[in-house]
Enquirer: 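Have a look at the structure that comes next, please.
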There are 2 protein chains.
Amino acid sequence: MTSDKGSQNSADSQRRQERLRHSGLRNTRPRRHVLQVLAVAEQPLSSREIHSRMGAEACDLVTVYRCLADFERVGLVQRHEFGDSNARFELNDQTGHHRHYVVCRVCHGKEPMDVCPPHWLEEELRARGYSDISHSMEFFAVCPHCRDDSHPGAPQRQ
Amino acid sequence: MTSDKGSQNSADSQRRQERLRHSGLRNTRPRRHVLQVLAVAEQPLSSREIHSRMGAEACDLVTVYRCLADFERVGLVQRHEFGDSNARFELNDQTGHHRHYVVCRVCHGKEPMDVCPPHWLEEELRARGYSDISHSMEFFAVCPHCRDDSHPGAPQRQ
DNA sequence: ATGTATGCAAAGAGTTTGCAAATGG
DNA sequence: CCATTTGCAAACTCTTTGCATACAT
């Protein structure tokens, strides 16, 4: 029953702490905990969602906000804006790879797209003198499941 | 001294009121005023920015929010999320054309990109059974001006 | 006339800030 | 040791809601 989608064994934990140290951030319990929650998340999570998943041992919600701000600054996480004024975050992998999602307008499920076309546009921007370039891109649609069910039951994923 | 960037002559005003009526929305003074501000805006504006630009004759800020919600619902405006948790809006043209921007990390200036590569991705999503598809895409970077000035003066555009 | 839209007040929600105490390297 | 980080409380900002009044058609 334990999720094996993400990485939550000791070796992965070591690797995350390695990335923390390498980023110049101190290796604290709240930060390890936030990283661990993100590591096993099946989709981007908001600060509150992360805090909830930390359970009884949770640090203060404010600390989650501060961790995420730091993680974003050093490139450990990517921020997503899915339009519900709720910033969501996901762990970047070591290669700097990141994802874009389709968000269902009905069930709010989030499906990764696994493509990233704007990269050549970043090249063009670089040629125009821009530096330190990144981008956001999300899709919004009614997913096949919700289109068929006119009266969808419980949302697939929130 | 009057800006002629946007459309604020009487003919354009007529055309905007036409679009209002055609959308099934009542032709009220606050709505005309919000549309007029958007029509002459050189970049997407937040509710508060719109309200400020309405000057002494401004309607209530709440009404601006409601206008924008209505306008978005009927497709008159496009919403942008530039990452500062401040929704910004711009007028769509009649063809449904919309824009994507580069936002400078330093001066927060917004430059339109005039390209829209995700359209073929929407096709792919359609093929996978998704419907009612739209997307968001924004770029973030340090603009040439701010890269050169290590100590930028006043932000170019906010 | 009648449903729609507005203004005002107040609430809701996410996020940020100040500061003293705790902690990591 | 000392700079960084945390917790707690409170503030701040954007946005939404309730309801009586005003307005468009």
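In what follows, chains are A, B, ... by sequence order, proteins preceding strands, each numbered from 1. Heavy-atom basis, side chains included; hydrogens, waters and symmetry copies ignored. Predicted, not measured: the structure shown is a model, and the values here were computed from it.
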Enquirer: Rounded off to whole Å, could you give me the NE2-to-P distance for the A/His51 and D/dT6 pair?
Expert: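 Answer to the nearest Å: 13 Å.
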Enquirer: C/dG7, OP1 or OP2 - any side-chain N/O from B/Thr63 closer than 4.0 Å?
Expert: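 Yes, B/Thr63 has a side-chain N/O under 4.0 Å of OP1/OP2 on C/dG7.
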Enquirer: Reckon A/Ala87 touches a base, only the sugar-phosphate, or nothing at all at heavy-atom distances under 4.0 Å?
Expert: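 Counting heavy atoms under 4.0 Å across all strands, the contact made by A/Ala87 is with sugar-phosphate only.
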Enquirer: With a 4.0 Å cutoff (strictly under), does any side-chain N or O of B/Ser46 reach OP1 or OP2 of D/dC14?
Expert: no
Enquirer: A/Asn27 or B/Arg29: which one's nearest nucleotide on DNA chain C is closer to the 5' end?
Expert: B/Arg29
Enquirer: In whole angstrom, what separates B/Tyr65's OH from D/dT13's P?
Expert: 12 Å
Enquirer: Nearest-nucleotide wise, let me know which of A/Leu25 and B/Leu25 is further upstream toward the 5' end of DNA chain C.
Expert: B/Leu25
Enquirer: Name the closest nucleotide to the B/Val62 side chain, picking from C/dC8, C/dT15, C/dT4.
Expert: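 Among the listed nucleotides, the one closest to the side chain of B/Val62 is C/dC8.
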Enquirer: Could you check how far NE2 of B/His33 sits from C1' of C/dG7, rounded to whole Å?
Expert: 16 Å
Enquirer: Any carboxylate oxygen within less than 4.0 angstrom of a Lys/Arg side-chain nitrogen, looking at B/Arg53 and B/Glu42?
Expert: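 A salt bridge is present here (some side-chain N lies under 4.0 Å from a carboxylate O).
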Enquirer: Measuring from the side chain of A/Cys59 (C-beta onward, heavy atoms only), which nucleotide among D/dT5, C/dT15, D/dG7 has the closest atom?
Expert: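 Selected nucleotide: D/dG7.
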Enquirer: For B/Asn86 and D/dC12, what is the distance between atoms CG and P respectively, to the nearest whole Å?
Expert: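 B/Asn86 atom CG is separated from D/dC12 atom P by 17 Å.
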Enquirer: Looking only at side-chain atoms of B/Arg26, point me to the closest of D/dT6, D/dA24, D/dG7.
Expert: D/dA24
Enquirer: Ignoring hydrogens and geometry beyond distance, is the side chain of A/Arg48 in donor-acceptor contact with the base of C/dA13 at under 3.5 Å?
Expert: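 Answer is no: no donor-acceptor pair is held.
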Enquirer: Determine, for B/Glu18 against B/Arg15, whether the closest basic-nitrogen to carboxylate-oxygen distance falls under 4.0 angstrom.
Expert: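 Salt bridge flag = no for B/Arg15 with B/Glu18.
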Enquirer: For residues A/His135 and A/His98, establish whether the separation of their ring centroids is below 6.0 Å.
Expert: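 Close enough - the centres of the two rings lie under 6.0 Å apart.
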Enquirer: Can you tell me how far apart CG (A/Leu91) and CZ (A/Arg16) are? Round to the nearest 0.5 Å.
Expert: 7.5 Å
Enquirer: Look at the side chain of B/Cys67 and decide which nucleotide, out of C/dT6, C/dC8, D/dT5, has an atom nearest to it.
Expert: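 Of the options given, the side chain of B/Cys67 lies nearest C/dT6.
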Enquirer: Could you state the CG-P distance from B/Leu61 to D/dT13, rounded to the nearest angstrom?
Expert: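 In whole Å, D/dT13 P lies 13 Å from B/Leu61 CG.
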Enquirer: Pick base, sugar-phosphate or nothing for B/Asp70, based on heavy-atom distances below 4.0 Å to the nucleic acid.
Expert: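 Nothing: the residue B/Asp70, judged by heavy atoms under 4.0 Å, touches no strand.
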Enquirer: For DNA chain D, whose closest nucleotide is more 5', that of B/Arg21 or that of A/Ser85?
Expert: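 Upstream on the strand: A/Ser85.
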Enquirer: Taking for each residue the nucleotide of DNA chain D bearing the nearest heavy atom, is the 5' side occupied by A/Arg31 or by B/Asp84?
Expert: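 Nearer the 5' end of the strand: A/Arg31.
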Enquirer: SG/A/Cys143 to CZ/B/Arg128 distance, rounded to the nearest 0.5 angstrom?
Expert: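 Interatomic distance, A/Cys143 SG to B/Arg128 CZ, rounded to 0.5 Å: 11.0 Å.
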Enquirer: Without decimals, in angstroms, what is the distance between A/Asp60 CG and D/dA10 C1'?
Expert: 13 Å
Enquirer: Just the rounded figure in Å: distance from C1' of C/dT4 to CZ of B/Phe71.
Expert: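 So the CZ-C1' distance, B/Phe71 to C/dT4, works out to 14 Å.
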Enquirer: Report yes or no: is there a donor-acceptor pair, N or O only, under 3.5 Å between the side chain of B/Arg66 and the base of C/dG7?
Expert: yes
Enquirer: Expressed as a whole number of angstroms, how long is the span from B/Arg79:CZ to D/dC14:C1'?
Expert: 11 Å
Enquirer: Any non-hydrogen side-chain atom of A/Arg88 less than 4.5 Å from a side-chain atom of A/Lys110?
Expert: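 A side-chain contact exists here, since the closest heavy-atom pair is under 4.5 Å.
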